[in-house]
Each structure stands twice: as structure tokens, then as C-alpha cells.
Amino acid sequence: MSTSLRFKSVEEARSRKAVAVELPKERPEAYYAKQVFNRQKMFEYLPKETFEVLIDAIDNKKPLPREVADSVAQGMKRWAIDNGARHYTHWFHPLTDGTAEKHDAFIEHDGKGGVVEKFNGKLLVQQEPDASSFPNGGIRNTFEARGYSAWDISSPAFILDGTLCIPTIFISYTGESLDYKTPLLRALNSVDVAGTRVARLFDPSVNHVISYLGWEQEYFLVDEALYAARPDLVMTGRTLMGHESAKNQQLEDHYFGSIPSRVEAFMLDLELECHKLGIPAKTRHNEVAPNQFELAPIFEEANLANDHNLLLMSLMAEVARKHNFRVLLHEKPFGGVNGSGKHNNWSLGTDKGRLLFAPGKTHKENLQFIAFVANVMAAVNRHNALLKASIITAGNAHRLGANEAPPAIISMFLGSQLSELLDKIEKTDIKTLNLAGKEGLKLDVVQIPEIMVDNTDRNRTSPFAFTGNRFEFRAVGSSANCASALIALNAAVADQLNMFAEAVEKAIADGADTEAAILEEVKKLIISSKAIHFDGNGYSEAWKKEAAERGLDTESSAPLMYDAYLRPESVAMFDRTGVFNLLELEARNEVKWEMYTKKVQIEARVLGDLAINHILPAATRYQSVLLDNVYKIKELFSAEKMDKIAGQDLNSIEQMADHMSIIRTEVEKMVDARRKANKITSEREKAIAYHDTVVPCMEKLRYHIDKLELMVDNETWPLPKYRELLFVR
Ligand code: ADP
Ligand code: MG
């Protein structure tokens, strides 16, 4: 029996049973949001007057008076302590992955040598984490400003592991955002204002337009022992090498297949924790690749939904460990197998309960539907490069634009019915159009409500697809903070809606009929944004060529994609919508380039170490076994028989030597490329150098290591193989 770490890990993984999960006796409604200071708890713990002012501030986006904050803090503390909390923290989303928090205990000196537990409005409303320890892209140096976090009253506080977590924004003293939440709230506000302006053309009673998000979180699970035996997984979150196993996803037997019991226990536990934290987890299933799964909640207002996704990602890591799993949120943890995304189902709705991308029954409702869809098309068309930049990271680049990945091009899928309808609007004389549903047949116009039922032509290869009452932005990566995509999308759409409203309002002022003015503008948008509409196969080579001809952005280098943020049209759009100023955009790009470089740098270091200290020694060991064998054959057999008996071995010895020598030189080249790149001072140029000179070495290294994996005997290979990582549960 071998005692290698690899075999021990496999054995350990195989021996595991599902961890039992104890479900509460109550039904979900009894424990749902138990750990959340939601309206019901506010009502219970706050004085009536405080409660009313707070709710008014939340609903109508008003600032909270200081005395009221003090009163809220008292009630919140009481609730937190009643529920076992001892600490509190401002919970925010810096420009790194994940969330940040600094815990403080409630205790203060009581003046008699003991302590009392205290909390007040000042502590609730504002804190000062050390901004210099978070990426800020130079904003701090420019202004010598400290950063502070401020309570986002629109997202309720919650208790996690005995700590009261208060969702906050994180900004510099001069007001520049240092996080994701601040610009997200600004973008949601801009789409509210612009959307309301357009929605009022149809229904003057509309007060607000709300942006919704329903994310679908994909992830892989790997047994903890196997994970620990793969330094690349531990250090970088993905496998940097590994030959495809004989079976992976070609049988397509994993998707919607039955969920293994160990995984099911994990999911049950996770959902329970989600529900206690008010995350409406609803759907769970296997994904396409082996060991790949998905969790999706009921959609919510975008800011809250995003907080919930960030919270979910940290919950997942925690719960997985209880079940001896590690969760992989990387976009491409395994070569040759599907990557993980996080589809962002996105929609807009009015405060009157109308979803604006859902067809309706009357002519007016459908005109509104078409108007909003056409505006989204125009926005996505104009800003396709920016939207791509909003989702690209070093990790997601492996899912989009790299080897064995669909091309990194943003296009929009509409489906046959909606496409036909837009076509009709474009070609018909506006005066004769009737968009009514049931009664609308007389003018030979497609019956819009049917689109709802049309689930047949769902195109899975489209990065941005219309799916009946919403758009699904599928290019978002599994580890991403959804805010990045939502900021760009909502801001771009807000800007477009404002232009639309302006044009329509002007036509009306000039005496045009409202509906005619709307249709006229819709028609223009349909015609001008045709390039973005593509219902074909987004993964095909032909599309790459066609997209370039259409003028869509086809850049495939992540560092260069980020340039889209600084193009004049993006800068102007973010300025008009008040989402980012130029300084913020420049600072954020610095952070993006820096992050890209660091991710690749870490991967390159780990790969170099694995190649030299794990792979080459193992290959050498096996090579010398073969050499030994050849020697013995030579002793016993005549020279004429050598070729027949030892020929294969000699061949392998030579082939292995070739791979090993390439690996050695390639590691040297990679180290050299890094050394050169590290000397570059511009973050942009450095990231480009990493992309252009370090990444190709890594790809070449991987190729030759994977070849060696096929040659070296199974006993000697030091790392758990794909068939073990992906199929041992
Ligand atoms: P599929 O995998 O078929 O796309 P799922 O059921 O996994 O569908 O996920 C659909 C997601 O879309 C869910 O999170 C759901 O809540 C969300 N969703 C449904 N309608 C809307 C909408 N109007 N706006 C935003 N999200 C929505
Ligand atoms: Mg989906």
C-alpha cells in the first residue's frame, strides 16, 4: 500500500459519510430571518416614533437624524444582545474579493472596575477602518484622506457568529467611493430616477423604479483531504495542472441528476443558515460538470440581493468545512470541464408592482414593455465593451475569451418572438400598430403575451439573454461581487432612459402625440442597436468574425478590456449619472490592473514551485525506474532483442526527457518574464506584461506537465488527479 499524500487523501475522502444535519422542528416561516433586524424586529425593539422615522428614511431615501440614530442603536443593541451577540462590526465590500469587517465588543468601562455593554448612534452610523489596508488605487495618496464606513439603512443588520453586522458603504473623507456598495447605490438611484421618468409616460402615478437581482451561484465542491493535497487549489483556488480524466461531462449525466448524499447534507445545512439570515434560497441542483452545483434564491431588490450573495459566499465556505468539503468559487477550477458563473437575472419594476421587461395585456402595457426593452438594447449596444470590462477578472478570463472558452463578446439574445416583434415595429407604419395582447390580432402583430410562454428557444450560449420578464447577464463570474456588473448595467441603462425621455418629452412639447412620440423613438433605438442583437451560437468561431464586423468589442486581453472604463463615452456616462467621477474611475482601474497582476503572479509562483519541486522529481523517479529496467534487460538479452523488449521504455525515457527539459526552460522563462514585468511601474503596463509574457509560459508548462501525467506511473504521481478530485465524494 502506498503511503503517498495523494493516496492517503483519496482514502480519507472515500471513507467519509454524510454529516448529519439537524433540521429545526419548526417550519421555515418560524426561523426565517431570525438573525436579521428586519422591520418586524424594528417594530418590536424601537420606540414607535423612532420606528416611523426610520421606515420613512428607508422608504424615501432620507437621511436619518442623529437623535433617531441613537434610539435605533439602543433598540438594535438590545435585540442583538437578546440573540447572543457580543460584538458588532461595520460590514462592507472593499475592492478585493469578498467582505471586510473589524469586530468590536460592546463592552466599555463602567468606572467601577467592571464593564457595561454599550452602543450608540455614532458607532452605528459611522466607523473609521484604516483605509490604507484596502486597495484604493491611489485615492488615499492623492488626498491623504482617511476612509470611513457609513450605515446603509436600506440593508438590514444581521447577526453572524455572535457578531452584529451592520451593512455599510466605505468612502474617503473627500467622498470618493472605496468600495462596491457606494457606486451600486448611486447607480440604483440613477436608474430609479431615469426609469421613473420614462415609466410616468405610461403611468403618472409611478413614484419609483426598482432594480431587481436574482443571482444563480454556481460552485464546485472538493473533498477537504484532496484539496489539502493540491497546493494549487489551496493557494490559487484553481488547479494549475491536471490531465482530463477519461470521463468528465461528456455523458451529460450530472446536470439535474440526483444529488449525492454528502452534498445534499451540505446543501440542507447551507439553506438552513441562509434562511435564518433572511436569504431566500430556493433552488438547488447539480450543474453540468461533475461535482458542480448551483444555488439560487428568490430575486430581491438589487442592493439587498447583492448583500445576500456576498453573505452567501462566506457562509458557503464556512458550512462546507463542517461537511469536510472545500467550496471552489473560482471561475475555472478545472481545465477541460465547464467553468462556474453567476448569472445575474436583472429586471426593473415600478413601485406599483409592474415588471417593466414583462409583456402585459393592453396596448399601453406592451408599448411600455417594448420601450424598456429597446432602451436596454441601446444601452448594452453602446456600452458593450464597458459591460465586458465590468465582469472580467483574471479568473473569469478563463471562462471567457481564453482557451476552450467562449469568445469574450457581449451580445444580446432576444428569442424568436421578441425579435419578430421588433422587426415588425421597425418595418410597419407606426400609426397602424396595435400592440394589444388578446385583442391585438387584428393588425397581424405578434401576440406579445406569448413571449412569456416561450421557453423553448433559450439560448445558453448568449452572455446577455432576454428570458421572459428579465434579462440574464450570464457573463458574470462565480466569485464576483455582482455590484461590478450591476453598476455598469444600471448606470448605462439609466443614461439611455434619460436620453429617451428627453427625446420623447421634446417631441410631445413640439405637439406630437405621446404614443407616437414613444414609438418613433423606440423605432430609432431598434434600428441603431441592431449590432448587439444575436440569437445564434455565441460559442462559434464564425461569430467572433461577425461580431468584429458589426463593430462589437472583441478584445480578449483582460488588462486591455479595462480600458473601456476610461473611454470618453464611459467617463461621460458615469459623470452624467453621478455614479463615478474620473478620479474614481482611474483609481478603480489601477486596482483592477493590480489585482490582475497579483493573481497571475501568485499562480505563476505556485506553478513554478509545483513544476520544479513536485512534478520533475516524480518524473525523474519514474524515469530512473525505466532506466533501471533497460539496464537489466540489456544484461539478460542479446543486442538484437533489445529493441523489441526495451524499445518502448527507451522511447518513454526520451519523451519524458523532452518534456522535462521544456518544463525546466519554461520555468526559467516564466521567472524571467516576471522579473521583467515587476520592474514596470505603470500598473496597466505591468498587467499587460503579465498577460502577454507570463500567462503563455504557464499555458505551455501546463501542457507538458499534463503530458507527463499520462506517462508517469500512477503510484508515483504526487498530486490527486482530476478523476479523484471530481469523482470522489
Ligand atoms: P434558470 O437556471 O433556468 O435560469 P433559475 O430558477 O435557476 O433559472 O434562476 C432564475 C433566477 O431568476 C432566480 O433567482 C429567480 O428568482 C430570478 N428571477 C426570476 N424572475 C426575475 C425577475 N423578474 N427579475 C430578477 N430576477 C428574477
Ligand atoms: Mg439562469
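It should be emphasised that the depicted structure is a prediction, and the values quoted were computed from it without experimental measurement. We count ligands from 1, going down the list as the structure has it; atoms in each ligand are counted the same way. One is the number of the first residue; the rest follow in order along the sequence.
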Short list, please: which atoms of ligand 1 are under 4.0 Å from a heavy atom of [X]?
X: Leu355; value: 23 (N)
X: Ile298; value: 16 (O)
X: Asn469; value: 20 (N), 23 (N)
X: Glu294; value: 7 (O)
X: Asn345; value: 10 (C), 11 (C), 12 (O), 17 (C), 25 (C), 26 (N), 27 (C)

Do [X] and [Y] get their side chains close enough for a donor-acceptor pair, meaning under 3.5 Å?
X: Asp152; Y: Ser154; result: yes
X: Asn481; Y: Ser484; result: no
X: Glu331; Y: Ser479; result: yes
X: Asp535; Y: Ser419; result: yes

Tell me which one of Ala296, Pro297, Ala465 gets a heavy atom nearest to atom 14 (O) of ligand 1. Pro297
Taking the six-membered ring where the residue is Trp, are the ring centres of Phe357 and Phe466 under 6.0 Å apart? no
Carefully, step by step, assess Ser570 and Tyr565 under the rule side chain to side chain contact (heavy atoms under 4.5 Å, CB included). CA-CA 6 Å; Ser570 307; Tyr565 273 101; 5.6 Å; no
Once you measure the plane-to-plane angle for Phe266 and Phe325, does it fall in the parallel (<30°), tilted (30-60°) or perpendicular (>60°) bin? perpendicular
Any N/O pair Glu216/ligand 1 closer than 3.5 Å: yes
Purely on distance, is any nitrogen or oxygen of Ser347 under 3.5 Å from one on ligand 1?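 Yes, at least one N or O pair falls under 3.5 Å.
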Give the contacting part of Glu472 toward ligand 1: side chain, backbone, both or neither, where contact means a heavy-atom distance below 4.0 Å.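 Contact part for Glu472 vs ligand 1: side chain (C-beta onward).
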